[in-house]
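Take a look at the structure below.
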Amino acid sequence: MATEIPPRPDYAPAAAIEQDEPTRSDRAKAAFKEQRGHAGARLKDWLAAGDLDAVAAIQLATDKKLAKYDTQLAQQERITGEAIARVKHAQAMQDAEVGATISESALASLVGRASQEESKLAALRAKPVMPPNDREINAARQGTKAQRAAIVAGGGLASLPLAGAAIEQAANGQPMILAVLGTVAGYGWYLVSRPFDAGQPAPAPTEQLAAPVNMTKPEVQAGQREFTAPPPPALTVSQLEEALRKTGLVKGDDQLAILAVPQRDKDGNTTVVFDLPGGQKVANLQAKLEEFAGAIGRDSTMVDVEKAGSAVRTSLWITDEDPFEDVRPSPLIKSSGQIDAFKDGVPVAWAKRGNTIRLPISISNIAVGGGTRSGKGVGASNLAVGSTFDPRINLRIVAGKNNAEWNPYAAAGVAATYFKPDPDRLVALLDALIADKDRRERDLDKLGKGKMVAPVIEQLGGIELLVMDELATYTRPGKPRRDEIIEKMVLLASVAAGAGILMVAITQYPGVDVFPTELAVNFTTKWAMRVDTAQQSNAILGAGSSGQGRDASKFDPPRPGLGWLVNPFAGVTDKARSFDLDEDDRGEITMLLERSAKIREKAGRLAGQWEDPIEKHLLNATGLSSAAGGPKRDGIPGRNVLNHTSAQRMQMDALRGCLKVMDHLQRNVAQVREMAEIIGGGMTETRLSKLLRDGGAGGTVKVDIEGAGRVNGYQKADIADALSLLEGN
């Protein structure tokens, strides 16, 4: 009987194994089912933006605000640039002598539009980007939800079920698919299939909370914009309207039409453009500028009002500092080139907004007045020096004092005429200019012109510019030949400007007795420095000017060179301060005249280089020449120095140099060698000896010099006699 072997307890039939123990496939399916549950829950939480905590949501909303601001700023910069480009193109068309032109009204409209767009840009740049509010934060969160839903709808995360199907297939015997999936998305599946911790998704291994954002002053990286709060506006709309009500320009229910809101520029100044209501005009505001400036807490030097295209459209400029507090050098100091004084004008001063004022020497007589130490001399010097940089201008100077203030113009040879107080010679000069006026008018008739224009300046002989310093020396009651002088000046001032004969009158004593009304009315360019009374101010600026707000007796504080400047042709009716130009301490006038002399010499327009009908008339009438200040170039007329040859002029210069050397040595004798060394400038002993002999001083003689004994040299008296003979005295 066969022995029956019982089955081993650790072995079980296959059916029993299938019933009691899950297979590997069953375990994989169960695990993946659990993972899909985690992934679905995590995906649901992601779609609901549950991963955005408060800090992350604020950061997201902030980024969106900054991006929106950048877009707005770029768009406004483009619009402003286009508006400015249109203005420049229109101005170029207007300046062009040929081709299409643009009307003044159209140009004004373009300027107003550009000003408006610039104001918008300035306001946008100054506008701070505030932290996001709750509504904006919620909007950012909802936007994130919508974006994520769109991703899922487009198939981005919808592939997760497919990935699950792939794993299920792999578990059923397709290991290659599982390997590929593990390579491509294994780590991603791991992140989304992990279990929740207390109902929340576990953070990613490297996830960090964003630091709070400081919206007041964020950190600025290279190339990024810094968003800082701007200073408070210099003037609010309500303050502006209230100030205009105080000055009577806004009444009742009138409202301002603000075109460009008040915003500070980069330099700290403020510009606002608005339309005045109720038929008020810009001129009305300009007349009440002092009162208006006080209403907004500023001095009138800190406020500027201009028309912005129409009679009611106002461009108001405000600053917080006095623009005339510091002095400024003349722009000519840094320039050495020729200027066009007829078309472009001469730089003489700067205005409130810092722009250079250039006075054209073309169709306007100019009056400069002011009390002692008011700076009128410096203002006039800017005009006179600048005029010498245009060789077409014949500068004639009649001094009112016997000092050396105007001598540098003679020394440089740029003054066609220059003499010191001499009423008889002034009458002769005015007669010469009247005769030249008649000649010029005949020439204009032949040329078919009604007045001097740029193309015919040289054909008429240039522009005559007569500068009369200290007018009271000649026109104060009781002065010799006063009535004749005033009568001839009135004639020239009233009819000669069109023929290119202009006058500059400078006076320290403005008043109707010195500057009569019949004369003053023909001086359309007026510059009034500080004076004592409103009557004196009106004598320069015109009757009633003080009542219109232009009063040179009310400068507070008064500054040298600061004055009311009125020039309708340059579009100036406001305060201006002359550039600082010093001769006594810094020698700037001499330096500038040396530059302009080179320009004039090259053009053949230095005194003596051209036939001057005015000086020819004076020579015939008086027998004396005042060309370039006379023979000694000191404002004292003498014999006709202009008839000397260039060789004779060099001889006279050598003789004058030797006399100065002897004065320096405090001796009446000197050797040629020592005089040549002191004269310098390349002068040699041989050359000086020849110049002295040719100039009439003869040869050397024996002279006694202390320390040198009896040597060959010259006597001072011999040199002085030779110079006197050459000069014709």
Side-chain angles (χ1 to χ4, degrees), residues 341-342 346 359-369 376-377 379-388 390 392-401 405-406 409-410 414-440 452 457 460-475 481-482 484-507 514-515 519-520 522-527 605 607 612-618 621-622 625-629 635 637:
F342 184 84
V346 174
L359 293 183
I361 300 177
S362 55
I363 57 176
S364 174
N365 296 302
I366 303 170
V368 183
K376 69 181 184 306
S381 293
N382 276 276
L383 180 64
V385 170
S387 71
T388 67
D390 189 334
R392 301 171 301 174
I393 293 178
N394 308 325
L395 179 63
R396 307 192 188 276
I397 302 171
V398 179
K401 297 178 181 178
E405 180 178 357
W406 297 94
Y409 297 81
V414 301
T417 296
Y418 167 49
F419 58 88
K420 291 175 179 176
D422 186 342
D424 294 333
R425 192 169 190 84
L426 175 55
V427 170
L429 174 59
L430 294 173
D431 284 337
L433 290 172
I434 292 172
D436 197 51
K437 171 192 74 71
D438 295 338
R439 190 268 306 171
R440 287 168 175 260
M452 174 178 279
I457 291 177
L460 292 181
I463 302 171
E464 291 291 334
L465 183 64
L466 172 59
V467 176
M468 295 184 61
D469 190 19
E470 300 298 345
L471 184 64
T473 302
Y474 304 98
T475 62
R481 309 192 73 170
R482 172 183 184 267
E484 291 179 77
I485 291 172
I486 291 178
E487 181 182 357
K488 296 178 188 299
M489 288 184 65
V490 169
L491 175 61
L492 287 170
S494 59
V495 299
I501 300 177
L502 305 169
M503 290 188 291
V504 177
I506 308 168
T507 179
V514 171
F515 196 38
L519 179 61
N522 291 303
F523 282 72
T524 49
T525 296
K526 307 164 185 180
W527 199 354
R605 298 297 288 184
D612 184 353
I614 303 300
E615 273 299 325
K616 184 177 180 180
H617 180 101
L618 289 175
T622 68
S625 172
S626 53

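What you see below is based on every heavy atom in this structure, not just the backbone, and it leaves out hydrogens, waters and symmetry mates.
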- Task: Check the pair T525 / N365 against side-chain contact (heavy atoms from CB on, under 4.5 Å), numbers first and verdict last.
- Result: CA-CA 6 Å; T525 296; N365 296 302; over 6 Å; no
- Apply side-chain contact (heavy atoms from CB on, under 4.5 Å) to the pair V504 and L465, showing each step before the final yes or no. CA-CA 7 Å; V504 177; L465 183 64; 3.8 Å; yes
- To the nearest 0.5 angstrom, please state how far the CD1 atom of I397 sits from the NZ atom of K420. 11.5 Å
- Item | S626-T417 side chain donor-acceptor pair, cut-off 3.5 Å | no
- Output, in order, the C-alpha distance, side-chain angles, deciding distance and verdict of side-chain contact (heavy atoms from CB on, under 4.5 Å) for F523 and M503. CA-CA 8 Å; F523 282 72; M503 290 188 291; 4.1 Å; yes
- Query: Can you name the closest pair of heavy atoms from V346 and G386 and give their distance?
  - Reply: CG1-CA, 3.4 Å
- Query: So do V398 and Y474 actually touch side chain to side chain, heavy atoms under 4.5 Å?
  - Reply: yes
- Task: With L429 as reference, evaluate I434, D424, I485, L466 under the side-chain contact (heavy atoms from CB on, under 4.5 Å) test and give the passing residue.
- Result: L466
- Out of curiosity, I463 CD1 to S362 OG, how far, rounded to the nearest 0.5 Å? 7.5 Å
- Measure the spacing between CE of M468 and CD1 of I506 and express it to the nearest 0.5 Å. 10.0 Å
- Task: Would you mind reporting whether R605 and N394 have side-chain heavy atoms less than 4.5 Å apart?
- Result: yes
- Query: In Å, rounded to the nearest 0.5 Å, how long is the span from CG of D438 to CZ of R440?
  - Reply: 11.5 Å
- Message: If I take atom CD from residue E484 and atom CG from residue L430, how far apart are they, to the nearest 0.5 angstrom?
- Response: 10.0 Å
- Task: Supply the atom-to-atom distance L395 CG to W406 CH2, rounded to the nearest 0.5 angstrom.
- Result: 7.5 Å
- Do NZ/NE/NH1/NH2 and the carboxylate oxygens of K401 and D469 come within less than 4.0 Å? no
- With the threshold set at 4.0 Å, does a side-chain nitrogen-carboxylate oxygen contact exist between D612 and R396? yes
- Message: Test your reading of the model: is there a side-chain donor-acceptor pair from R392 to the backbone of G462, 3.5 Å cut-off?
- Response: no
- Considering only NZ, NE, NH1 and NH2 on the basic side and carboxylate oxygens on the acidic side, decide whether E464 and K437 come within less than 4.0 Å. no
- Task: Kindly indicate, with the supporting measurements, whether the criterion side-chain contact (heavy atoms from CB on, under 4.5 Å) is fulfilled by F515 and T475.
- Result: CA-CA 7 Å; F515 196 38; T475 62; over 6 Å; no
- With sequence neighbours excluded, tell me which residues meet ring pair (Phe, Tyr, Trp, His ring centres under 6.0 Å) with F419. none
